[in-house]
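Since the structure is predicted, the reported quantities are computational estimates derived from the model, not experimental observations.
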Amino acid sequence: MNGQSLVLSKGKQYKSLLKHYAATKALTKTTQLHALAITSGLLSPHLRSSLSLSYANCGHLKNARKLFDEMPQPTLFSYNMMLKTYAQHGFYLQTLNLFVEMVNLGKCRADNYTYPFVFKAVGEEKLVIFGGVVHARVLTGGFEKDSFVMNSLLTMYMNCGEKEEGRKIFDTMWEPNVVSWNSMISGYFKNGCSKEALGVFNKMMDDGLETDCATVVSVLPVCGFLKELEVGRRVYELVKEKGWGKEMMVRNALVDMFAKCGSMKEARFIFDGMVERDVVTWTSLINVCILNGDMRAALRLCLLMVLEGVRPNSVTLASLLSACGESKNLMDGRCLHGWATRQRLEYSVMVETSLIDMYAKCNRVDLSFLVFKNTSKKNTVPWNAILSGCIHNRLGKEAVKLFKEMLIEGMKPNAATLKSLLPAYAICADMQQATNMHSYLLRSGLVSNNEIGTAVVDIYSKCGSLESAHKIFNGIPNENKDIYLWSVMIAGYGGHGHGEIAVSLFKQMVRAGVKPNEVTFTSVLHACSHAGLVDEGLDLFKLMLRNHQISPQADHYTCIVDLLGRSGRLDEAYDIIKTMPFAPTHAVWGALLGACVIHENVELGELAAKWLFELEPENTGNYVLMAKIYSAVGRWKDAENIRHIVNEIGLRKAPAHSLIEVRNM
DNA sequence: ATAGGGTTAG
């Protein structure tokens with residue numbers, strides 16, 4: 001054997017070895033062979049290609065790219081493999097960069113394998129403009145009949161939020177297959193068109209088209225969202241008929257669908273019938289408990305999950321943490337924070353966001369900031385969370401400051417950012433800042449968004465400029481005036497003592513065919529009580545009680561007690577409290593006590609105070625008010641006794657809680 | 001070698 005043929009046979013041997021290493025993801029062996037190839041001078045372009053592929057499969061992207069770059073003329077296959085590797089590992093921008101390099105430098109023509117990787121990356125990065133350019137290349141390149149290319153193009157548009165474009169691709173497709181149909185279902189659902197998604201599925205069934213596992217996995221979340229239990233059951237029948245019930249994904253989707261449709265029995269039946277359960281199965285069931293408000297059961301399931309050897313992921317923790325926030329359950333929230341740390345999940349964006357949100361909702365925004373400080377700040381979601389956390393704790397100035405920092409960091413605010421931020425300007429009530437923000441919104445074109453428009457009206461009202469608020473209100477077309485906008489405008493006038501205008505706006509709203517809800521009634525009753533429109537308020541309250549779609553809440557009773565109490569009709573106020581269908585809250589008794597202070601009524605004052613001392617024994621304000629009544633009527637001794645209690649509470653109360661180190665949990 | 005599916009935070 002001469003030298004030449006020895007090299008060739010060695011090269012062949014190495015190539016087949018690398019094929020094996022790539023399949024078994026043997027990184028160490030790949031590295032060893034790489035070194036051997038260098039030292040023996042056998043590193044040919046062909047071997048580089050095999051080595052690159054092996055590194056790629058082992059997940060060592062750096063070396064894969066290095067060897068790729070060392071190839072004098074990478075083949076189309078090598079390009080495609082590199083693109084695939086980047087796309088599979090979530091390096092979408094690198095995918096697109098390499099694609100541009102490959103096409104623009106004229107190195108290779110893209111083929112039917114290239115485009116799906118590219119469209120995947122475009123869809124994930126939501127670069128729809130770029131996607132359109134690649135779309136054009138697909139057409140000029142004559143790929144419009146390739147089902148893989150066209151399906152990936154369809155999904156790309158759906159992932160970019162362009163459902164109309166996606167639909168167009170589907171409608172003009174040469175031969176839509178089951179993947180195309182499934183993509184339409186999931187695409188519509190992702191874009192908030194659940195009805196259309198269900199329509200696509202029904203059409204598939206009616207036309208007797210081919211369906212598969214992915215079809216049912218796509219349509220089941222739609223059934224759950226729409227609470228279409230009957231359709232969900234039909235899908236379950238289909239699953240049994242086709243024998244897809246062994247698939248974990250199908251079973252998980254069934255558990256979730258039945259749970260969301262409120263059929264715990266069927267959800268449990270599927271769950272219990274599963275021999276193997278993964279983290280998604282458990283998370284789905286945990287979510288069911290959370291939905292039912294049973295945190296203890298949810299935590300018990302966590303324990304069972306761990307005992308079965310299934311580890312939680314960031315979704316599991318995010319669900320549990322957000323439940324703690326909703327129920328102001330700081331204790332469990334902190335334990336879960338510790339669990340997240342031990343599971344090395346605390347630096348996942350989703351967990352960070354839920355932690356920020358949970359602490360803020362538990363009124364511990366100091367801890368939210370501690371978590372936020374350690375986030376990467378490259379994602380808008382944690383920013384939005386800390387902004388809404390500030391708002392929840394009425395830290396308007398801090399929110400505005402954070403927003404400015406966010407802009408400086410180069411973050412792009414989205415609609416959710418502004419929704420979180422805008423109440424800050426209403427809290428600050430600083431006209432200058434509000435005007436600046438308004439012009440920012442006008443420039444960004446976001447004012448046309450209904451929710452944002454409502455927020456602007458609210459800001460101007462809170463800043464005291466009812467004229468500006470009303471001008472914007474009038475500028476919104478009548479058919480776009482929804483209940484939120486009306487409520488804000490009514491509350492604006494009510495808050496500044498213009499009860500008559502508030503009531504007349506309320507009547508206008510009803511005439512315009514917008515049904516008042518609990519919030520509108522609170523606003524208008526509040527307006528009446530501020531302006532002393534006692535009978536007007538009583539009439540509205542009676543109207544509300546007669547309207548059976550609206551259930552009177554504690555807020556409404558507080559308003560009406562305040563209204564009657566301020567005008568001196570204390571006995572009537574107490575009569576109303578006695579008719580309440582649920583236990584009066586501290587706010588209701590507080591309104592009565594406040595009125596008793598104004599009108600120096602000892603008897604009812606003592607009654608209200610008795611309840612208040614029981615409901616919120618630590619609130620010194622109640623004792624002070626009662627002392628005030630005693631002093632006013634000359635019962636100095638009683639007043640003195642109560643002031644004494646206030647001092648005792650003050651001494652007993654711990655000093656302001658110190659910042660607790662979360663990291664030590 | 002290439003396309004579609006399950007839990008989820010602001």
Tell me what [X] touches on the nucleic acid: a base, only sugar-phosphate, or nothing, going by heavy atoms under 4.0 Å.
{"X": "A:N414", "result": "base"}
{"X": "A:M248", "result": "base"}
{"X": "A:D357", "result": "sugar-phosphate"}
{"X": "A:S314", "result": "nothing"}
{"X": "A:F117", "result": "sugar-phosphate"}

Is the closest side-chain heavy-atom distance between A:T211 and A:W244 below 4.5 Å?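 They are in side-chain contact.
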Less than 4.5 Å apart, any side-chain heavy atom of A:F189 and any of A:E196?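 Side-chain contact under 4.5 Å: no.
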Find the distance [X]:[atom1] to [N]:[atom2] and express it as a whole number of Å.
{"X": "A:R109", "N": "B:dT2", "atom1": "CZ", "atom2": "P", "value": "22 Å"}
{"X": "A:E210", "N": "B:dA3", "atom1": "CD", "atom2": "C1'", "value": "14 Å"}
{"X": "A:Y79", "N": "B:dA1", "atom1": "OH", "atom2": "C1'", "value": "17 Å"}
{"X": "A:I391", "N": "B:dG10", "atom1": "CD1", "atom2": "P", "value": "15 Å"}
{"X": "A:L321", "N": "B:dG10", "atom1": "CG", "atom2": "C1'", "value": "14 Å"}
{"X": "A:K120", "N": "B:dA3", "atom1": "NZ", "atom2": "C1'", "value": "10 Å"}
{"X": "A:N80", "N": "B:dA1", "atom1": "CG", "atom2": "C1'", "value": "8 Å"}
{"X": "A:K84", "N": "B:dA1", "atom1": "NZ", "atom2": "C1'", "value": "6 Å"}

Kindly state whether the pair A:F148 / B:dT2 counts as stacked, where counting means centroids closer than 5.5 Å and planes tilted less than 30° apart.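 Ring-base stacking flag set for A:F148 and B:dT2.
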Has A:S186 got a side-chain N or O lying under 4.0 Å from the OP1 or OP2 atom of B:dG5?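 Yes, such a contact exists.
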May I ask you to verify if any side-chain N or O of A:K260 is less than 4.0 angstrom from the OP1 or OP2 atom of B:dT7?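 No, no such contact exists.
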Centre of A:Y157's six-membered ring, under 6.0 Å away, within 45 degrees of the axis: is that where NZ or CZ of A:K168 sits?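 Verdict for A:Y157: no cation-pi partner in A:K168.
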Charged tip of A:R277 within 45° of A:F271 ring normal and under 6.0 Å: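 Relative to the ring axis of A:F271, which defines the angle, A:R277 lies inside both limits.
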Assess, by modelled atom type and distance only, whether the side chains of A:S354 and A:S322 contain a donor and an acceptor separated by less than 3.5 Å.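 Looking only at side-chain atoms, A:S322 and A:S354 do not form any donor-acceptor pair under 3.5 Å.
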Given B:dA1, B:dT7, B:dG10, which nucleotide is nearest the side-chain atoms of A:V315?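 Closest nucleotide to the A:V315 side chain: B:dT7.
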Please evaluate the base of B:dG4 for a donor-acceptor partner in the side chain of A:D212 within a cut-off of under 3.5 Å?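 Under the 3.5 Å cut-off, the side chain and the base do form a donor-acceptor pair.
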Donor-acceptor pair under 3.5 Å, A:N177 side chain vs B:dA3 base: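 Check passes, donor-acceptor contact within cut-off.
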Tell me if a side-chain donor or acceptor on A:S368 pairs with a main-chain N or O of A:A360 at a distance below 3.5 Å.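 Yes; at least one donor-acceptor contact below 3.5 Å.
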Enumerate the residues from residues 283-310 of chain A whose closest heavy atom to DNA chain B is under 4.0 Å, giving them by residue number; use none for an empty result.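 Close to the strand are A:T283, A:S284, A:N287.
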Contacts of A:R344 that satisfy side chain to side chain contact (heavy atoms under 4.5 Å, CB included) - sequence neighbours left out: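 A:R344 satisfies side chain to side chain contact (heavy atoms under 4.5 Å, CB included) with no residue once adjacent residues are dropped.
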Syn or anti for B:dG4, with syn set at within 90° of 0?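 Classified anti.
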Contacts of A:T75 that satisfy side-chain hydrogen bond (donor to acceptor under 3.5 Å, both in side chains) - sequence neighbours left out: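 By the side-chain hydrogen bond (donor to acceptor under 3.5 Å, both in side chains) rule, A:T75 matches A:S78.
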